[in-house]
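Heads up: the structure comes next, in structure tokens.
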2 protein chains.
Amino acid sequence: MSRSRDAVHEILRRSESFRSAQDIFTEMRSDGAKIGLTTVYRALQALNDDGRVDVLRTDEGEAVYRACASDLHHHHLVCRRCGRTEEVAGPDVERWAEAIAAEHGFADITHTVEVFGTCASCTGR
Amino acid sequence: MSRSRDAVHEILRRSESFRSAQDIFTEMRSDGAKIGLTTVYRALQALNDDGRVDVLRTDEGEAVYRACASDLHHHHLVCRRCGRTEEVAGPDVERWAEAIAAEHGFADITHTVEVFGTCASCTGR
DNA sequence: ACAGTTTTGACAACCGTTTTCATTTTCCTT
DNA sequence: AAGGAAAATGAAAACGGTTGTCAAAACTGT
Ligand SMILES: [Mn+2]
Ligand SMILES: [Mn+2]
Ligand SMILES: [Zn+2]
Ligand SMILES: [Zn+2]
């Protein structure tokens, strides 16, 4: 797997915010690329397995993807209006998750933390 | 809306962990209740609107529900093995979310924080 | 060039959720 | 109690995102 995986990754790297599979598919097609929706899904899934993209679920249950800017563990601050996304580090949250888990006897911890809000430029309008 | 909403709420209150709509529907039917899947979905949605149940999405995108033990804002510590769930308060996380959002000029903040791990009794085996 | 392997994409199948709509139940006014 | 408006219900169809199928196409090394 390589040709189309790179193409999908490239789209994601050029994107400002999270994108859905269908969304990516549509853009590639209208750019003249001859790619199938299935392949887009496969590429996204492979990229995610390799830790090169983050995936998160919208409240409506759609999976949206974004190329990670940093290789390190991080979280997201997403504008619910325009989709703009900041990657933020959260040492405090990490510690909290570990502590609260230990306190309840839970091991082998992972966590999901997403913050949603209205970004500065969207607040103005 | 009332009869079936209460029934669904009751199922949830008796449950130890998060339950899916289909799951609840199956249990109610095999208990002899004459209820439709649609009504279960409507009940869950109403209960969630009223803040009486929490909903979260599994990694597979299925919505799972649980009656809130506390009326206050809280988060979840979920055993990925057996589904056991603890409700945990996180003043530190709340502060962190507010701070990180303000720092980036985001307003009108909400956040989702879920911690997954293996609970004490599941670790033993 | 050849055979073997991997990748691809049109299409169908899937699964959870929502919509539709006709029927039933509940509630309110006589 | 009777009648009628309003809300609730459920079977079935529609929907939307995702995954599976399978034959064709693109690579791989020899
Ligand atoms: Mn990221
Ligand atoms: Mn809860
Ligand atoms: Zn914005
Ligand atoms: Zn457990």
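Atoms considered below: every heavy atom in the structure, side chains included; atoms not considered: hydrogens, waters and symmetry mates.
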Open item on the list: Under 4.0 Å, heavy atoms only, any strand: does B/Q22 hit a base, just the sugar-phosphate, or nothing?
Closed with: base
Open item on the list: Salt bridge or not between B/E98 and B/R95? Use side-chain N to carboxylate O under 4.0 Å.
Closed with: no
Task: B/E60 CD to C/dC14 C1', straight-line distance once rounded to whole Å - done: 15 Å
TODO: Would you mind reading off the distance between B/Q45 atom CD and D/dT9 atom P, rounded to a whole angstrom?
DONE: 13 Å
- [ ] Name the closest nucleotide to the B/A21 side chain, picking from D/dT18, C/dT17, D/dG10.
- [x] C/dT17
TODO: Can you tell me the distance, in whole Å, between the CD atom of A/E62 and the P atom of C/dC15?
DONE: 20 Å
Task: Rounded distance in Å - NZ (A/K34) to C1' (D/dA24) - done: 16 Å
Open item on the list: Does C/dT18 have OP1 or OP2 under 4.0 Å away from a side-chain N or O of B/Y41?
Closed with: no
- [ ] Compare the minimum distances between each of C/dT26, D/dG17, C/dG16 and the side chain of B/R3, then state the nucleotide with the smallest one.
- [x] C/dT26
Task: Contact under 4.0 Å: A/R42 side-chain N or O vs D/dT19 OP1/OP2 - done: no
Task: Whole-Å gap separating P (D/dC27) and CG (A/D6) - done: 13 Å
TODO: Calculate the interatomic distance between B/L44 atom CG and D/dT9 atom P; express it in whole Å.
DONE: 13 Å
Task: Value in whole Å for how far the C1' atom of D/dA11 lies from CG of B/L37 - done: 11 Å
Open item on the list: I'd like to know if A/T38 reaches the base of D/dG20 with its side chain such that a donor and an acceptor end up less than 3.5 angstrom apart.
Closed with: yes
Task: Contact under 4.0 Å: A/T39 side-chain N or O vs C/dG9 OP1/OP2 - done: yes
Open item on the list: If the cut-off is 4.0 Å, is A/S4 near the phosphate of C/dT8, judged by side-chain N/O to OP1 or OP2?
Closed with: yes
Task: Any A/R29 side-chain N or O less than 4.0 Å from OP1/OP2 of C/dA10 - done: yes
Open item on the list: Taking A/R84 first and then A/E86, would you say they form a salt bridge - that is, a charged N and a carboxylate O separated by under 4.0 Å?
Closed with: yes
Open item on the list: When you group the ILVMFWY residues by side-chain heavy-atom contacts below 4.5 Å and let the links chain together, are A/V55 and A/V113 in the same group?
Closed with: no
Task: Positive for side-chain contact (heavy atoms from CB on, under 4.5 Å) with B/C68, one of B/R13, B/H73, B/H74, B/R52 - done: B/H74
Open item on the list: I'd like to know if B/R5 pairs up with B/D50 as an ion pair, taking the criterion as any Lys NZ or Arg NE/NH1/NH2 lying under 4.0 Å from an Asp or Glu carboxylate oxygen.
Closed with: yes
Task: Rounded distance (Å) that lies between atom C1' of D/dG17 and atom CG of A/D59 - done: 16 Å
